[in-house]
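Everything on this sheet refers to the single structure shown next.
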Amino acid sequence: MSLRLQARRLACERDDRWLFRDLDLEIRAGEILRVEGPNGSGKTTLLKILSGQLMDHEGEVLWNGAPLRRARRDFLANLLYLGHAPGVKTALTPLENLAWYQALAGERGDEPTRLAALERFGLAGFEDLPAAQLSAGQQRRVALARLELTPRPLWVLDEPFTAIDRDGVIALEARLEAHTERGGGVLVTTHHELRASTRLRRLALGEGGGDVEG
Amino acid sequence: MWAFLHKLGSPRSFYAITERWLPPLWLAAVALILVGGVWGLAFAPADYQQGNSFRIIYVHVPAAFLAQSIFVTMAVAGLVFMVWKIKLADMAAAMMAPLGAGMTFVALFSGAVWGVPTWGTWWQWDARLTSMLILLFLYIGVIALRGAFASRDGGARAASVLAMVGVINIPIIKFSVDWWYTLHQTASFSITEKPAMPASMWLPLLLMVLGFYAFFIAVTLTRTRSEILRRESSKRWVRELIEEGH
Amino acid sequence: MSKAESRTAPLPEAGEASVGLAIAWRATLHRDLMLRLRRPGEVLNPLAFFALVITLFPIGISPAASLLATIAPGLLWVAALLAALLSLDGVFRDDAEDGSLEQLLLSPQPLSVLALAKVAAHWLLTGLPLALMAPLLGVMLSLPAGSYGVLALSLALGSASLSLIGAIGAALTVGVARGGVLLSLLVLPLYIPVLVFGAGAVQAAIQGGNVAAHLAILGALLAAALIFSPFAIAAALRISLNG
């Protein structure tokens, strides 16, 4: 069973305005699909539909051939979604934040793996500080550490490069590449220009529809 | 039957179909309320205990019936909207909410007026009036929640959920208020007590109740139709309709 | 990382799934308790509010013990209800603002069950302390002897229902800016049955009425709230977060 997320004739209307119509797309193992478009073109809405959060749309979303509605549990067990807000509790330490996310996935987890994940994202030494004392970029890194911590084949990332410094951007970009090389799939929106690669495809959202390139 | 209901679910055919229903509905509402009202207020015999003050039931009872029915209808419309995603159901729910709140207020006000000759005060914590007051708060909550959302669709869904939660709670609230009232009963008369009535008293009441229901359906249809035009004003069929001069 | 990770995980067996759910449930409860305890003000403020409101009544009405004793059950219940309501707005709002509510919705575990863990945390650190504190304030209102146990028990039972019902309102208003007043408007009418039987239980204890019947109905209300409200909360959270 390999990963395959498809959308067929997707259309979304918000308060009498069509964000997009007749959108067909597919994410397979080993691919990065970058969704592009100006502000307000529906990038986040599209990501929310494709991650099963928004169900008020026309058209179908299929996970490995089955409608998302029916395959929801299986889909969510294979999805890692990082939204606009990092989802990091400022009153908790990075370690405690990660522990909750691990438990939310139904895994007991252990501290050494959490520590290792934080270290990989340059947070060694910060693991026991309340996240309120971390910078915005560091808080974002705590959220990104989940990419390491909970291996899920499908990543859906909404502006993951926000607030990250230059080295962090390069490392994250490499991580996306590595994930696809191992057979994972990535759906990402970003204003940051991703390095061209054979694995990268683009989807441009604009006025009332989308075009998939190469 | 199903095909007809399905057709009725689309705003455009709903608009066309209900156009023929409106005149008879309005006519029935006006005729029933006029006949029932004149009969009840002028010709029905006076109550042997309460005298003429009992005649307030010709307004109070239909308004109270309607207040409760509209809340239930609103919750059912909310369910239809949530399950089958029929936007028309939500439009109707949004349009009937203020009418329901108004009817609740009429029931409360007429109950208060009835209290003056009966209890000697404008307000008595009577079980039925207390339940009505709580119902008014429930209506205000649903209307306020819908208005508080920035997105119309979000407000519609939230109001539907609240109406459904409310409708599950109404019987529980009624039961608890009745329980509370029997523990603390103070008034000798209650507006809930229904003595046996002769036909000359209850027939006009029946006409009034039917008239109020016809009025409710007519108002809701009329308001829903104009809401359809407002929400679908960008669609071609509405523009054509306007050009035809309707 | 191993090759296996590139493949999608098979759906866990039923037994495994319930273990996973138990882990997620306990972790969510633990997290919410920890978050509240790290800001002790959030736990103590409702208690201080409760005591303060109770202090206002003798000042506003009369310090006569006989008068206070007759209205004490109702006053204590209404004040506790308002104190519990005060902290309700934050149950989902903080999580919605920092994005962790979104993550809760995306957990493979059923949302209604996880939301129940958050409500349980709210009750453990709001309703339960209020119930334990109420007898103390009862003394200040000359509550007749013999009703103190019933007061605490009825509040403990009733406040659990209040947390459950209130969480529906909190979930519905989480997307609304400054939704606090709106929340009270939505939730207070639904609180009336709990108030009737809660205050009624204390009255019954004073007047020698049937306490068990009142407590039984409070228990039934709690059972009904436990069954229905998780679904309403889950539906409301989905609506609030995603329009």
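Naming convention: chains lettered A, B, ... in sequence-line order (proteins, then strands); numbering from 1 in each chain.
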Taking C-beta and beyond as the side chain, do B:Ser176 and C:Phe197 meet within less than 4.5 Å on heavy atoms? yes
Closest contact, heavy atoms only, B:Ala144 versus C:Leu185: CB-CD2, 4.0 Å
From CD1 (B:Ile134) to CD1 (C:Ile192), nearest 0.5 Å: 3.5 Å
Heavy atoms of other groups near B:Phe105 CZ, more than 12 under 6.0 Å: no
Drop me the distance from C:Thr173's OG1 to B:Phe149's CZ, to the nearest 0.5 angstrom. 8.0 Å
Checking heavy atoms, do the side chain of B:Met82, its backbone, both or neither come under 4.5 Å from chain C? side chain
So do the side chains of B:Leu162 and C:Ile168 get within less than 4.5 Å of each other, counting heavy atoms only? no
Taking the side chain as C-beta and beyond, is there a heavy-atom pair between B:Trp179 and C:Ile217 under 4.5 Å? yes
Less than 4.5 Å to any heavy atom of chain B: does that hold for the side chain of C:Gln207, its backbone, both, or neither? neither
Any idea which heavy atoms bring B:Ala158 and C:Ile239 closest together, and the distance? N-CG2, 3.8 Å
Segment of C:Leu221 engaging chain B (4.5 angstrom heavy-atom cut-off): side chain
Considering non-hydrogen atoms only, spot the tightest contact between B:Gly166 and C:Leu190 and give its length. CA-CD2, 4.5 Å
Atom OH of residue position C:Tyr148 - does it have more than 12 heavy atoms of other residues, nucleotides or ligands inside 6.0 Å? yes
Rounded to the nearest 0.5 angstrom, the CG-CG distance for B:Asp153 and C:Asn242 is 12.5 Å
Any idea which heavy atoms bring C:Pro189 and B:Ile173 closest together, and the distance? O-CD1, 3.6 Å
